[in-house]
Amino acid sequence: TAMTFRVMSEAPYKHGFIGPSCSDATVVVNDALQIFNVLQISPNAISTGLSDRERHPYFVRMVPSFRYSVITTHAVLKLLHWKRVGMIYGPRAITVLAKDIFVELTSVEREAGDYEWTILLSK
């Protein structure tokens, strides 16, 4: 982040774009901006797909990837010694992503015998 700020604020001056906030729109805008090597800063795009530096080399965000929110939730549930978790998710990509990441994290621990998770899913 400090390096990005330095490079963008010193001559020769560059162009940058702030927005959009929605992850889906951000991906589309970023695809167009890459053609011109324009840096994109998104204040609220949380899609994990935007972390792919090869696909989005001129993209930075002001919030962490959504994956870290799910990892934090997973850690808090373990800290509280919860072993039975119910998840209700809808058709939106963000809720399916949360479910997929959480199931992935718990499956690894269950298969290794490290933690006894019971996951109840409802769509």
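Everything quoted here is computed from the prediction, not taken from an experiment.
Trp82 and His74 have their aromatic ring centers separated by at least 6.0 angstrom.
Side-chain atoms of Tyr58 and Asn30 form no donor-acceptor pair, as typed in the model, at a separation below 3.5 Å.
Arg53 contributes a side-chain N or O that, together with a main-chain N or O of Phe59, makes up a donor-acceptor pair within less than 3.5 Å. Of the possible donor and acceptor atoms, none in the side chain of Ser42 sits under 3.5 Å from a partner among the backbone N and O of Arg61. Within the 3.5 Å criterion, the main-chain N or O of Arg55 finds a donor-acceptor partner in the side chain of Gln34. No donor-acceptor distance shorter than 3.5 angstrom exists from the side chain of Glu109 to the backbone of Trp117, with no hydrogens or angles considered. Judged purely by atom type and a 3.5 angstrom limit, Ser107 has no side-chain atom pairing as donor or acceptor with the backbone of Glu104.
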For a side chain to side chain contact (heavy atoms under 4.5 Å, CB included) check, start with the C-alpha distance between Ile119 and Arg110, then their side-chain angles and the critical distance, and finish with the verdict. CA-CA 11 Å; Ile119 307 298; Arg110 237 185 14 244; 4.0 Å; yes

Steps toward side chain to side chain contact (heavy atoms under 4.5 Å, CB included) verdict (Ser23, Ile46): CA-CA 6 Å; Ser23 293; Ile46 59 174; 4.3 Å; yes

Stepwise side chain to side chain contact (heavy atoms under 4.5 Å, CB included) test for Ile71 and Leu105: CA-CA 8 Å; Ile71 289 170; Leu105 292 169; 4.0 Å; yes

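To the nearest 0.5 Å, the span separating OG1 on Thr72 from CZ on Arg67 amounts to 11.5 Å. Distance CG/Leu121 to CD1/Ile88: 10.5 Å, rounded to 0.5 Å. Distance CD1/Ile101 to CG/Leu97: 3.5 Å, rounded to 0.5 Å. Note that OG1 of Thr106 and CG of Asp114 are 12.0 Å apart. Values are rounded to the nearest 0.5 Å. With values rounded to the nearest 0.5 angstrom, Gln40 atom CD is found 8.0 Å from Leu50 atom CG.
Residue Asp24 qualifies as open at atom CG: its count of foreign heavy atoms under 6.0 Å is 12 or below. Residue Ile94 qualifies as enclosed at atom CD1: its count of foreign heavy atoms under 6.0 Å is above 12. Crowding of Met87 atom CE: a count of heavy atoms from other residues, nucleotides or ligands under 6.0 Å exceeding 12. Heavy atoms from other residues, nucleotides or ligands lying under 6.0 Å from OH of Tyr115 number more than 12. In this structure, Leu120 places its CG atom where more than 12 heavy-atom neighbours from other residues, nucleotides or ligands lie under 6.0 Å away.
Placement of Leu80 and Val70 within a single hydrophobic cluster is found when ILVMFWY residues are connected by side-chain heavy-atom separations under 4.5 Å, directly or transitively. Under the 4.5 Å side-chain contact rule for hydrophobic residues, Leu33 and Val27 do not share a cluster. In terms of hydrophobic clustering, with Ile, Leu, Val, Met, Phe, Trp and Tyr side chains grouped at heavy-atom distances under 4.5 Å, Val63 and Val60 are assigned to different clusters. At a threshold of 4.5 Å between side-chain heavy atoms, the hydrophobic network of Ile, Leu, Val, Met, Phe, Trp and Tyr places Leu77 and Val103 in one connected group.
Arg92 has its side chain out of reach of Val96: every pair of non-hydrogen atoms, C-beta onward, lies at least 4.5 Å apart. Using a 4.5 Å heavy-atom threshold, the side chains of Met62 and Asn44 count as separate. Using a 4.5 Å heavy-atom cutoff, the side chains of Thr26 and His56 are not in contact.
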